[in-house]
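Below, all heavy atoms of this structure are taken into account, side chains as well, without hydrogens, waters or symmetry copies. Every chain is numbered from 1, with letters handed out A, B, ... down the list of sequences.
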Amino acid sequence: MPRNILVCVAWPYVNNAPHLGHIAGMNMPADIFARYHRLAGNNVAMVSGSDMHGTPTALKAIDEGVTPEEIATRYHEIWSRCFEQMGFSYDCYTHTHTAHHQEVVHDIWNKLDEHGYLFEASQSMPYSLTENRFLSDRFVEGTCPNCGFDGARGDQCDKCGRTLDPADLINIRSKRDGSTPEFRDTTHVYLKLSAFQEQLSEWVATKDDWRPNVRNNTLNYLREGLHDRAITRDIEWGIPIPRDSYEHKRVYVWFEAVIGYLSATKLLAKERGEPDLWKSFWEDPAAESYYFQGKDNIPFHTIIWPGILMGYRGLNLPTDVVANEYLNLGATGFSKSRGNAVWLPDYLERYDVDPLRYYLTSIMPETSDSEFTWAGYLAANNNELVATFGNFVHRILTITNRNFDGVVPEPGDLDDADRTMLAACDTAITDTAAALEARHFRDGLRAGMSLAQQGNRYVDQKQPWATVKQDKQAAATTLWVGLNIIATLKTVFAPFLPSSCEKIHGMLGLPGTIAEDGWSRVEVKPGTKLGTPEPLFRKLDDSIVDEENARLVRPG
RNA sequence: GGCGAUGUAGCUCAGCGGUUAGAGCGAACGCUUCAUAAGCGUUAGGUCACAGGUUCAAAUCCCGUCAUCGCCA
């Protein structure tokens, strides 16, 4: 019985280009997970989109003299293109500045209102007289009343760590232009998050398979008691509010961005011409949903979004919130303040996709922050992908091609070594599946590489290149087993290295597509004509490490 | 300031109460030559962040300290 698996990927905030840190922790694991489940025969909807709204984009637009929509659209297109090139298999990748999304947000808003979870309250906020806008905490600074530091922000002083309110600042001024704001009252709509305290606590208590940081962070929030949160902002860029006298305010980005998971699923249903499709992911109690994102937005997915869903009623809560730590840019010359990073569009211009997918997965920050280094990338490509995996495939195919006219040979009787090897193939299929089901992506990848190593050992021991001269049948058996190892590798690596595995599929002369084979060990049939063997991965020169590091040191 | 996660071989990590602490990569040495000078084997390398404690027994549990990252205030 196929399962319904909703794969939700955090919505990137599009006011800059994507870099490797963005995709390592969420897009990669989500895509591997989605691809695995599709192969396993489950119904998958992998959804996300660009988060278009919010203050940073609005301000950047003012500074560049264009509309916020232009900025957001420009970056949305860049992100979309990169995701496509990376092979991220979204069923729907949309953005938040659409009539459809707005409709879904308003539906949620109205239901929450009906159910009594919204209320109004007013607060006093700094208002810029030069820009005619309210300034959020982060956009005012002044002298800290506690330590006298002059660069204290509206929410806290970086010098002494004291928490502040904008009203506490001495000589408060706009961070934008230095002008002095005045305090004005402003009314906002709040979400009564505190109402869900008990319900959320009970729900989280059942989630004993969540990663420790996700679970503990969430429990900590609940222990401290939930606060009601303002879900509107004084800003013109965003989703309009379905309420009178809120013409100059918009829905708070975080409130509406998480709703994107639902609106994107509904959009997918619409696009596929199956209007009720979304229900099988959101209303079927047996459906599962997995949310992939970085550690910084755990509470939005374990508290706020579930709270919204509880208030709306009738929609599934997250099965798991898979939060990864951060991927940092390693040692050589990295300077965060100068904005140096490995930008995805740059990478894609110069190198292949699968080696990056491989390396990022192998260092995925599952339990702690990890570091991307070009030396590590080079080593992973040359020593693991090329030498162990790619070369195994190539050597078997080449020997077969040369001695058996590129046709899968007929095996003779299998001996213990042959049977052990085939059993190892079955184990690799189940091990990888178990790792991915448990959302242990590095483990899953290792299971695949371990099979390639076993294959190399097996072939070394059997020496088909020698036996073919005296005992052609023995060589035939070995190569048949070898080709079956390749067929298995093609499956277990498919979620990680989709385009390489598609190539292998062709080189093995297998019918149909990888998708049709599913998550099972496909046996190669004697007599099948093989495709032309070609190297799967290209070896990179050591010099790229210095070249790339030099790029990082250069500012901008 | 509070909370959480992380700290184990040169690197990336596994182990999370019980024999001499493991894997992959890297290194050294040897074997091999079908293959993208690829493969295989052997060896070296660790006071398990630091300091206490509980236990017959701790990398593993408890307490404290330090470091890194994140969140909250």
Side-chain angles (χ1 to χ4, degrees), chain A residues 21 25 137 146 155-157 160-165 210-227 229 293-303 323-328 330-331 336 358-373 375-404 435 440-443 445-450 452-469 475 478-479 482 533-541:
Chain A
D137 297 351
N146 187 46
D155 51 355
Q156 94 169 99
C157 172
C160 67
R162 165 72 77 91
T163 304
L164 302 171
D165 196 75
W210 284 9
R211 290 182 181 176
N213 62 337
V214 175
R215 190 177 153 81
N216 290 332
N217 258 307
T218 305
L219 289 172
N220 185 38
Y221 257 86
L222 291 165
R223 211 176 300 123
E224 286 178 2
L226 298 179
H227 304 282
R229 296 178 66 109
Q293 80 272 313
K295 60 178 163 182
D296 53 332
N297 41 90
I298 290 171
F300 290 100
H301 294 84
T302 61
I303 301 279
N324 277 308
E325 306 292 306
Y326 282 176
L327 176 77
N328 298 310
K336 215 173 189 174
Y358 179 82
Y359 181 52
L360 289 183
T361 306
S362 76
I363 59 167
M364 189 175 286
E366 286 176 343
T367 49
S368 60
D369 288 1
S370 65
E371 287 196 348
F372 176 97
T373 63
Y377 169 81
L378 180 89
N381 182 74
N382 288 358
N383 305 327
E384 297 177 41
L385 279 183
V386 173
T388 304
F389 176 29
N391 187 243
F392 174 75
V393 173
H394 198 239
R395 71 198 293 209
I396 295 287
L397 288 173
T398 307
I399 306 172
T400 309
N401 209 38
R402 193 165 299 155
N403 297 289
F404 293 90
H440 294 162
F441 300 97
R442 289 184 310 221
D443 273 0
L445 188 69
R446 210 170 297 139
M449 201 46 80
S450 157
Q453 278 167 335
Q454 290 176 73
N456 274 319
R457 270 179 223 131
Y458 166 81
V459 171
D460 258 49
Q461 180 206 329
K462 289 284 185 179
Q463 306 191 14
W465 57 88
T467 56
V468 76
K469 288 165 191 158
T478 301
L479 292 170
E534 56 174 284
L536 285 174
F537 308 101
R538 63 195 172 103
K539 193 164 168 143
L540 293 168
D541 195 86

Could you check which of [options] has an atom nearest any side-chain atom of [X]?
X	options	answer
A:Asp296	B:A35, B:C71, B:A14	B:C71
A:Thr388	B:C69, B:A14, B:G39	B:G39
A:Lys539	B:U36, B:C69, B:G4	B:U36
A:His394	B:A5, B:C25, B:A35	B:A35
A:Asn216	B:G4, B:G39, B:C34	B:G4
A:Phe537	B:U12, B:U33, B:U36	B:U36
A:Arg457	B:A38, B:G41, B:U36	B:G41
A:Asn456	B:G39, B:A38, B:G4	B:G39
A:Arg395	B:A35, B:U12, B:C25	B:A35
A:Pro535	B:U36, B:A14, B:C34	B:U36

Searching all strands shown, indicate the nucleotide that pairs with [N] (Watson-Crick or G-U wobble; both distances under 3.5 Å).
N	value
B:C66	B:G7
B:G1	B:C72
B:G46	none
B:A14	none
B:U36	none
B:G26	none
B:U60	none
B:U55	none

Nearest-angstrom distance from the residue atom [atom1] of [X] to [atom2] of [N]:
X	N	atom1	atom2	answer
A:Phe372	B:C11	CZ	P	18 Å
A:Phe441	B:A14	CZ	P	15 Å
A:Arg223	B:G4	CZ	C1'	9 Å
A:Glu325	B:G70	CD	P	10 Å
A:Asp443	B:G22	CG	C1'	14 Å
A:Asn297	B:C69	CG	P	19 Å
A:Asn217	B:A73	CG	C1'	14 Å
A:Ile399	B:U32	CD1	C1'	13 Å

When the [atom1] atoms of [M] and [N] are compared, how many Å lie between them, rounded to an integer?
N	M	atom1	value
B:C40	B:U33	P	15 Å
B:C31	B:G45	C1'	23 Å
B:G7	B:A49	C1'	6 Å
B:A57	B:C66	P	29 Å
B:A38	B:C61	P	43 Å
B:G4	B:A44	C1'	39 Å
B:U65	B:G1	P	11 Å
B:U8	B:U60	P	13 Å

Just by distance, do the side chain of [X] and the backbone of [Y] share a donor-acceptor pair under 3.5 Å?
X	Y	result
A:Asp369	A:Tyr326	yes
A:Arg211	A:Thr367	no
A:Asn381	A:Arg538	yes
A:Asn382	A:Leu540	yes

Between [atom1] on residue [X] and [atom2] on residue [Y], distance to nearest 0.5 Å:
X	Y	atom1	atom2	result
A:Ile303	A:Leu222	CD1	CG	4.0 Å
A:Leu360	A:Phe372	CG	CZ	7.0 Å
A:Thr361	A:Phe441	OG1	CZ	9.0 Å
A:Met449	A:Glu384	CE	CD	5.5 Å
A:Leu479	A:Leu397	CG	CG	9.5 Å

Using only side-chain N and O atoms of [X], determine if any of them is under 4.0 Å from OP1 or OP2 of [N].
X	N	answer
A:Gln461	B:C34	no
A:Arg538	B:U36	no
A:Arg446	B:A23	no
A:Thr218	B:C71	no

How would you label the contact of [X] with the nucleic acid (heavy atoms, under 4.0 Å): base, sugar-phosphate, or nothing?
X	answer
A:Asn213	sugar-phosphate
A:Arg211	nothing
A:Glu224	sugar-phosphate
A:Leu219	nothing
A:Ser450	nothing
A:Gln463	nothing

### Message
Heavy-atom nearest nucleotide on RNA chain B for A:Tyr221 versus A:Ile363: which residue maps closer to 5'?
### Response
A:Ile363

### Task
Return the 5'-most residue of the pair A:Met449, A:Ala387 with respect to RNA chain B, ranking by each residue's nearest nucleotide.
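Upstream on the strand: A:Met449.
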
### Query
Once the angle between the rings of A:Tyr359 and A:Tyr377 is folded into 0 to 90°, is it parallel (under 30°), tilted (30 to 60°) or perpendicular (over 60°)?
perpendicular

### Message
Salt bridge or not between A:Arg457 and A:Asp460? Use side-chain N to carboxylate O under 4.0 Å.
### Response
no

### Message
Could you report the tightest heavy-atom contact between A:Ala323 and A:Lys295, atom names first, then the distance?
### Response
CB-CA, 4.3 Å

### Query
Which letters describe nucleotides 60-65 of chain B, given B = protein heavy atom under 4.0 Å from base, S = only from sugar-phosphate, - = neither?
------

